[in-house]
**Q** 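Handing you a structure now.
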Amino acid sequence: MADPSSYRPKPGEIPDSPGVYKFRDEHRRVIYVGKAKSLRQRLANYFQDLANLHPRTRSMVTTAASVEWTVVSTEVEALQLEYSWIKEFDPRFNVKYRDDKSYPYLAVTMNEEYPRVQVMRGHKKKGVKYFGPYAHAWAIRDTVDLLLRVFPVRTCSAGVFKNAARTGRPCLLGYIGKCSAPCVDRISAEEHRELADEFCDFMAGRTGTYLRRLEKQMMEAADEMEYERAARLRDDIGALKKAMEKNAVVLADATDADLIAVAEDELEAAVQIFHVRGGRVRGQRGWVTDKVEEITTGALVEHALQQLYGEESGDAVPKEVLVPALPDPVEPIQEWLATRRGANVSLRIPQRGDKKSLMETVQRNAQQALVLHKTKRASDLTTRSRALEEIADALDLDSAPLRIECYDISHLQGDDVVASMVVFEDGLQRKSEYRRFQIKGFAGQDDVRSMHEVISRRFKRYLAEKEKTGEWTDGEEALQGDGEGGLKDADGRPRKFAYPPQLVVVDGGQPQVAAAKRALDELGIDDIAVCGLAKRLEEVWLPGDDDPLVLPRTSEGLYLLQRVRDEAHRFAITYQRAKRAKRLRSSPLDDVPGLGDARKQALIKHFGSLKKLRAATVDQIREVPGIGRKTAETIAAALAQAPAAAPAVNTATGEIMDDEEPGATTDSSGEPVSAGNPDERRGQET
């Protein structure tokens, strides 16, 4: 615990002007970002008697080891810089709203030649029009299914669209009238874009004019005794009205507004947002946050506005934003919203009428969301806490292992030997900290030596990073750094391998545990616990013990160790398969100049396998269309010089499989390995 007086700026150093400040911990990580109208007055509040500070503020200033600030011209600039830094550094003591899902939007890809209607999640793309968000994807599909009868816009993927254009046959939606089939030129690109524009206008709330036009066309068709056309228009009007009924009118005069409500207690807060467009609720979303700092309702609203509109512009920011409390001061955030929209934005508290009634509804939703979140999280936190406590008790640790790292080795018959490192913090995956290793110290299969090498490399990097931060030096020497990562490094981003775990878990038994412990001892590290989890009986092995520790099968601690071990195994297998697939995709034909993919495929298709191609004569190779004598001679020479591939072996059965027969190889754990379609590759290779 640091003493704030040890890093308190000298009197007169802090300017009396608007700005943004950062608190950093001893590892140079940014732990808090704030803004102020007067930096001098605001920062002085942090360096008063600790007894007078709020407990959360006291925890922050005692965790910090330094404070920095940046002066800006206006409070609006301070607001923008604060938002940017919170997004970049993800400080642990700042309010960060989170939810348990990515809300789906109804999106129209107006940036394509033939716009497509689809469900989209995640970051918004330029040139795409979004409507929502919706609580469920099925709600979007129900709406789209109703509207396609009137606006038969393309909904198919690029692959389906291209295949239909190639074959000249539209998909099923084209046959049943729910797609205008631009893929087979039933309508032109311009006509299809007009159709997409009408769809967007209807979704944006401009429904009255379109309905009146359809009703007029229906009456004209009836007067002209075109009863089939009139009936079709009648059904179209019914479909549109049914789609509109899904969103009842809540505000008169076709109001565009967002309503934000906050429910909070001493520890947490929940935010609910209703998006009203054209007087109808078009979307809803919610967030929760831990109150890791002393914060008012107005400040919670300000953070919600930053998160809600920080990446938005234009019409995505409505004319009116209704909130339960105004930020103090309100002018900077109001000016910032106007800048995002490009026009004035009304930020106010509703006092009476329909808007106040709707705000009460949003408030009830926020209160229910907070209750539901606390119920779910209490169960989750209790389970994770119990698991960590059981591990600490079983391994005789001084405290619960809040950071656990697990290592696994993977290879195929001694080839492509790799290792994985996965990280769990507070019992949850921390995928941004995952790392991958290639075994470089030797060739062949030796899991024990591989484990020793990986642990040594990982903790050598930790010791190097520890030295860079100046933790081993004093005074002026600590301030100089090394030009790479000392205190002069102001980017605030976590360095690789900079943070030590409380527990190292290895996938294996006594030999692997002994290797990991030996690697730590050689580096002089004696404050990190080590254990191994063997697959066969799920035994926990400790260094120096001849007998394993057996945890109860119902133990939450054992379940957490299994999850950590299985994740390390999955990550290692994924990397090993990807490396093997890359190696297997190489071929002696790759070295033949002028031989492209088409002719390579023609050669393999003609002969059936590389083995038969290797045995073929020059004249036989020339029989392949497109292969001349000179190319055939070059191919024969390249195959003659290339070493023959080793036969594939199923390590589970010992069977040698001919390369002409279908079969599957397995990895070192007996799991099947496929050369194609490797799983996702996450983490960083080292």
Side-chain angles (χ1 to χ4, degrees), residues 4 7-9 12-25 28-48 53-54 56-61 63-98 260 262 264 269 271 287 289-313 317 321 323 325-341 345 347 490-493:
Y7 62 88
R8 179 174 185 171
E13 284 187 348
I14 308 175
D16 187 19
S17 57
V20 183
Y21 55 91
K22 294 181 288 191
F23 281 89
R24 294 179 182 267
D25 65 8
R28 301 293 295 159
R29 291 173 293 191
V30 176
I31 62 171
Y32 184 75
V33 172
K35 61 173 174 53
K37 182 178 181 180
S38 170
L39 286 169
R40 180 179 301 171
Q41 294 178 15
R42 184 61 184 272
L43 288 177
N45 294 332
Y46 292 103
F47 296 103
Q48 56 181 295
L53 293 176
H54 189 279
R56 298 186 188 91
T57 306
R58 187 188 313 141
S59 175
M60 188 274 289
V61 298
T63 303
S66 63
V67 62
E68 306 166 0
W69 57 84
T70 298
V71 176
V72 296
S73 302
T74 65
E75 293 180 69
V76 176
E77 289 184 26
L79 188 74
Q80 293 171 333
L81 184 57
E82 179 194 34
Y83 173 74
S84 299
W85 279 359
I86 290 175
K87 293 288 284 185
E88 178 179 0
F89 297 118
D90 192 24
R92 57 178 288 199
F93 283 99
N94 276 94
V95 165
K96 295 184 290 291
Y97 290 109
R98 63 187 185 276
I260 301 173
V262 178
E264 57 183 312
V271 174
W287 300 319
T289 182
D290 293 323
K291 296 172 71 173
V292 292
E293 58 176 314
E294 185 181 7
I295 191 168
T296 64
T297 303
L300 286 170
V301 168
E302 180 177 310
H303 286 296
L305 292 171
Q306 286 179 300
Q307 175 134 339
L308 188 59
Y309 303 118
E311 308 294 333
E312 305 291 355
S313 61
V317 182
V321 179
V323 296
L326 294 175
D328 184 25
V330 69
E331 291 78 14
I333 190 72
Q334 198 157 9
E335 186 177 341
W336 178 74
L337 288 172
T339 302
R340 306 299 305 177
R341 176 176 169 80
V345 175
L347 179 64
D491 61 5
R493 295 182 179 86

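Excluded from the calculations below are hydrogen atoms, water molecules and symmetry mates; all remaining heavy atoms, backbone and side chain alike, are included.
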**Q** Calculate, to the nearest 0.5 Å, the distance between atoms CG and CD belonging to L305 and Q334 respectively.
**A**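 One gets 10.5 Å once the value is rounded to the nearest 0.5 Å.
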**Q** Which atom pair, heavy atoms only, marks the closest approach of A269 to L300?
**A**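 Heavy-atom minimum between the residues: CB-CD1, 3.9 Å.
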**Q** Working note: V345 + W336, criterion side-chain contact (heavy atoms from CB on, under 4.5 Å); need CA distance, chi angles, decisive distance, verdict.
**A** CA-CA 9 Å; V345 175; W336 178 74; over 6 Å; no
**Q** Please confirm whether Y46 and F23 have ring centers closer than 6.0 angstrom.
**A**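 Yes, ring centres under 6.0 Å apart.
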**Q** Distance check, rounded to the nearest 0.5 Å: R40 atom CZ versus I14 atom CD1?
**A**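 Between R40 CZ and I14 CD1, I get 8.0 Å after rounding to 0.5 Å.
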**Q** For the side chain of Q307 and the backbone of A304, is there at least one donor-acceptor N/O pair under 3.5 Å apart?
**A**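 No; zero donor-acceptor contacts below 3.5 Å.
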**Q** State which residue, out of E75, E302, R42, fulfils the side-chain contact (heavy atoms from CB on, under 4.5 Å) condition with K35.
**A**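 When side-chain contact (heavy atoms from CB on, under 4.5 Å) is applied between K35 and each of E75, E302, R42, only E302 qualifies.
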**Q** Where do P15 and V71 come nearest, in terms of heavy atoms and distance?
**A**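 Heavy atoms of P15 and V71 come nearest at CG-CG2, 3.5 Å.
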**Q** Which heavy atom in P91 sits nearest to a heavy atom in V33, and how many Å separate them?
**A**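 Closest approach of P91 to V33, heavy atoms only: CG-CG2, 3.8 Å.
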**Q** Would you say R340's side chain and V317's backbone share a donor-acceptor pair under 3.5 angstrom?
**A**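 Not a single qualifying donor-acceptor pair exists.
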**Q** Before you tell me yes or no, could you show the steps for N45 and T57 under side-chain contact (heavy atoms from CB on, under 4.5 Å), namely the whole-Å CA-CA distance, both residues' side-chain angles and the distance that decides it to 0.1 Å?
**A** CA-CA 10 Å; N45 294 332; T57 306; over 6 Å; no
**Q** Can you tell whether the side chains of K37 and E331 come within less than 4.0 Å, N to carboxylate O?
**A**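 No, this pair does not count.
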**Q** May I ask you to decide if D16's main-chain N or O and Q41's side chain share a donor-acceptor pair within less than 3.5 Å?
**A**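 Checking the backbone N and O of D16 against the side chain of Q41, no donor-acceptor pair under 3.5 Å is found.
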**Q** Measure across E82 and G34 and return the closest heavy-atom pair with its distance rounded to 0.1 Å.
**A**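 Between these two residues, the closest heavy atoms are OE2-CA, 3.9 Å.
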**Q** I need the single residue from F93, W85, F89 that forms a side-chain contact (heavy atoms from CB on, under 4.5 Å) with V30. Which is it?
**A**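 Exactly one candidate clears the test, F89.
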**Q** Would you call L308 and V321 a side-chain contact if the rule is heavy atoms closer than 4.5 Å?
**A**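 Result no, sub-4.5 Å side-chain heavy-atom pair not found.
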**Q** Enter the distance from M60:CE to N94:CG here, rounded to the nearest 0.5 Å.
**A**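 One finds 8.5 Å between CE of M60 and CG of N94.
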**Q** Nearest 0.5 Å, what's the CG-OG1 distance between L326 and T296?
**A**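 Between L326 CG and T296 OG1, I get 11.0 Å after rounding to 0.5 Å.
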**Q** Roughly how far apart are L39 CG and W69 CH2, rounded to 0.5 Å?
**A**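 Output value for this atom pair is 8.0 Å.
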**Q** Could you state the interatomic distance from CD1 (I295) to OG1 (T289), rounded to the nearest 0.5 Å?
**A**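 Interatomic distance, I295 CD1 to T289 OG1, rounded to 0.5 Å: 7.5 Å.
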**Q** Show the nearest heavy-atom pair for residues L347 and P327, with the distance to one decimal.
**A**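 Looking at all heavy atoms of both residues, the closest pair is CD2-CD, 4.3 Å.
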**Q** Can you check whether Q48 reaches P4 side chain to side chain, under 4.5 Å on heavy atoms?
**A**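 SC-SC contact between Q48 and P4 ruled out.
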**Q** If I compare all heavy atoms of Y83 with all of Q306, which pair ends up nearest, and what's the gap?
**A**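 Minimum heavy-atom separation between Y83 and Q306: CE1-O, 3.2 Å.
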**Q** Where does the angle between the aromatic ring planes of Y32 and Y21 fall among parallel (under 30°), tilted (30 to 60°) and perpendicular (over 60°)?
**A**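 Answer is tilted, since the angle falls between 30° and 60°.
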